[in-house]
Amino acid sequence: MTVNLLDFDAEGLAAWFAGHGEKPFRARQVLRWMHRFGEDDFGRMTDVAKSLRATLAAEAEIRGPAPVRDTTADDGTRKWLLDVGADNAIETVFIPEANRGTLCVSTQVGCALECAFCSTGKQGFNRNLTTAEIIGQLWHANRMLGAVKEPGVGDSGERVISNVVLMGMGEPLANFDHVVAALKLMLDDNAYGLSRRRVTVSTSGIVPAMDRLRETVPVALAVSLHAPDDKLRDRLVPINRKYPLKDLMAACRRYLESAPRDFITFEYVLLDGINDGDAHARALLALVKDVPSKFNLIPFNPFPDSGFHRSPPDRVRRFQEILMAAGVVATVRKTRGDDIDAACGQLAGQVKDKSRRGASSRLTFAPRRTSEVSW
Ligand code: SAH
Ligand code: SF4
């Protein structure tokens, strides 16, 4: 059976090479070709022994998710629709800014956690993405953006994709092993060489997995809070019933013991009349007082039958002011890529047989997506 080498992190690739009687440095060479130089043809890996190239060509492949569509917005935001088989597609968005370029990556087809205001959650869970499909989004975007390094060319430190956020479709920490392997590749100097503070995992708060992430690969952490008390959060983010706020806050504090950044980013979707009152903002300040944190306030992106509305701009401003007045940094996420439907909640992959629970017809998937990240 052909193995896809994009499925391996550095350690896994070395083990596969060892199984073929090859030295670890050969694995590193191939890792560099694949990820730094974006190469998918073993024949062009000129410094790899011919016999090894032949073995690789016979037994392995380098195959990212197949691109279906490539769209660029007036503001430069670029969106790829990628086929992941069985009529399922995911989307990846690149957001260029003056001083950085951020890639927003998906980790699952659908999501099982069913947050009330999230269209991904509303549509059910299909499957976890493989490591190759997760890292394949960065691999593909890098190639498309002309960001791969030429063999032999030194690293100037300039990266087209300078930041990666796991804020696309799915709950990253519910697909732990594949996500960790992909994170390790993002940080590996022979692959993408990103620093831990430039890679952000966003989670709805799966407490034991937050601890495991801290022990394994403590990248920057964003936590989707959305409510200041358990009663409201139980309703908006149902995983809260399993891991309530007290446990979540304790996990945030533990995370910061190993984190490369000295704060947690709390994401907070503002829902008109639900969680956007002055009292909510003040309760939030009390909740997070022992957790060094920043807030990222996200205007809700409506989708059909969501039952929620976006808070009016003056409400958003007032909410932000209350946090800021108490010395907590709070930014409001801007919308990018409007003309190509790349803003939060506008992306639409497609999924067939959306959940194992049933439904087999082709359905339009409209996962909410982060198109602008403000930290
Ligand atoms: N599952 C992870 C990561 C993906 S969601 C998580 O929940 O954190 C990324 C962010 O988008 C989360 O903060 C999520 O709550 C938010 N989001 C979900 N639906 C949204 C919508 N309709 N409008 C705006 N933001 C939304
Ligand atoms: Fe899943 Fe995140 Fe959406 Fe909740 S907000 S349903 S965890 S993708």
Side-chain angles (χ1 to χ4, degrees), residues 90-93 95 102 104-126 128-129 134 164-176 179 199-207 209-210 213 219-227 233-243 248 252 264-272 274-276 294-311 316 331-336 341-349 351 354-355 365-375:
I90 52 166
E91 279 175 316
T92 300
V93 175
I95 308 122
T102 304
C104 180
V105 163
S106 295
T107 55
Q108 299 182 310
V109 182
C111 183
L113 298 187
E114 303 190 57
C115 298
F117 51 84
C118 173
S119 62
T120 306
K122 287 253 162 175
Q123 304 213 28
F125 176 69
N126 182 275
N128 282 330
L129 294 181
I134 299 168
V164 176
V165 293
L166 273 58
M167 291 187 182
M169 243 162 105
E171 167 52 51
L173 297 186
N175 182 11
F176 193 84
V179 162
V199 176
T200 302
V201 166
S202 174
T203 181
S204 55
I206 303 183
V207 165
M210 288 165 66
L213 187 70
V219 293
L221 190 67
V223 172
S224 294
L225 202 50
H226 309 317
R233 195 164 190 268
D234 279 354
R235 191 179 132 209
L236 297 177
V237 186
I239 192 75
N240 193 69
R241 294 172 204 159
K242 196 159 180 195
Y243 306 114
L248 182 58
C252 289
I264 300 280
T265 300
F266 287 119
E267 294 165 280
Y268 198 94
V269 174
L270 286 164
L271 305 164
D272 188 21
I274 305 283
N275 66 352
D276 64 348
K294 293 188 179 175
F295 272 81
N296 195 213
L297 305 174
I298 313 173
F300 171 65
N301 285 306
F303 53 92
D305 304 322
S306 75
F308 294 106
H309 302 281
R310 181 181 282 198
S311 306
V316 174
T331 52
V332 179
R333 192 170 291 177
K334 285 175 274 160
T335 292
R336 291 277 302 257
D341 287 349
C344 288
Q346 291 186 316
L347 294 191
V351 65
K354 66 184 164 82
S355 79
F365 216 102
R368 137 249 55 73
R369 268 314 195 86
T370 302
S371 66
E372 169 79 358
V373 183
S374 327
W375 60 82

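Numbering of ligands and ligand atoms starts at 1, following listing order.
- Ligand 1 has no N or O atom lying under 3.5 Å from any N or O atom of Pro172, backbone or side chain.
- Rounding to the nearest 0.5 Å gives a distance of 5.0 Å between CG of Asn128 and CD of Gln108.
- Contact annotation: for Thr203 versus ligand 1, heavy atoms closer than 4.0 Å belong to the backbone alone.
- Of all the heavy atoms of Asn301, the ones lying under 4.0 Å from any atom of ligand 1 are found in both the backbone and the side chain.
- Listed by number with element, the atoms of ligand 2 under 4.0 Å from a non-hydrogen atom of Ser204 are 7 (S).
- Relative orientation of the Phe117 and His226 rings is perpendicular, given thresholds of 30° and 60° on the angle between their planes.
- In this comparison of Gly121, Ser106, Gly170, the heavy atom closest to atom 8 (S) of ligand 2 sits on Gly170.
- Judged by the shortest distance from any of its heavy atoms, Gly168 lies inside the 4.0 Å radius around the atoms of ligand 1.
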Q: Show your reasoning for whether side chain to side chain contact (heavy atoms under 4.5 Å, CB included) applies to Leu166 and Val219.
A: CA-CA 11 Å; Leu166 273 58; Val219 293; over 6 Å; no
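- Ligand 1 has at least one atom lying under 4.0 Å from a heavy atom of Gly170.
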Q. Asp276 and Phe300: side chain to side chain contact (heavy atoms under 4.5 Å, CB included), yes or no, with the steps?
A. CA-CA 11 Å; Asp276 64 348; Phe300 171 65; over 6 Å; no
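- Contact analysis leaves Met169 out of contact with ligand 1, as no non-hydrogen atom separation drops below 4.0 angstrom.
- Closest non-hydrogen pair, Ile239 versus Ser204, comes out as CG2-O, 3.7 Å.
- Distance check, rounded to the nearest 0.5 Å: CZ of Arg333 to CZ of Phe295 gives 13.5 Å.
- Listed by number with element, the atoms of ligand 2 under 4.0 Å from a non-hydrogen atom of Leu113 are 7 (S).
- If you look at Glu114 next to ligand 2, the close heavy atoms, those under 4.0 Å, all belong to the backbone.
- Met210 places a side-chain heavy atom less than 4.5 Å from the side chain of Leu248.
- Not a single N, O or S atom of Cys111, from either the backbone or the side chain, sits less than 2.8 Å from atom 3 (Fe) of ligand 2.
- On a distance-only criterion, Ser224 and ligand 1 share at least one N/O pair closer than 3.5 Å.
- Within ligand 1, counting atoms from 1 as listed, the ones closer than 4.0 Å to a heavy atom of Cys118 are 18 (C), 19 (N).
- Side-chain atoms of Ile206 and Lys242, non-hydrogen and from C-beta on, never get closer than 4.5 Å to each other.
- When Met167, Glu267, Arg310, Lys122 are ranked by how near their heavy atoms come to atom 10 (C) of ligand 1, first place goes to Glu267.
- In this view, Ser202 and Met167, Ala222, Ser224, Glu267 satisfy the side chain to side chain contact (heavy atoms under 4.5 Å, CB included) rule, not counting sequence neighbours.
- Residues Glu171 and Thr203 bring a donor and an acceptor atom of their side chains to less than 3.5 Å of each other.
- Of all the heavy atoms of Cys115, the ones lying under 4.0 Å from any atom of ligand 2 are found in both the backbone and the side chain.
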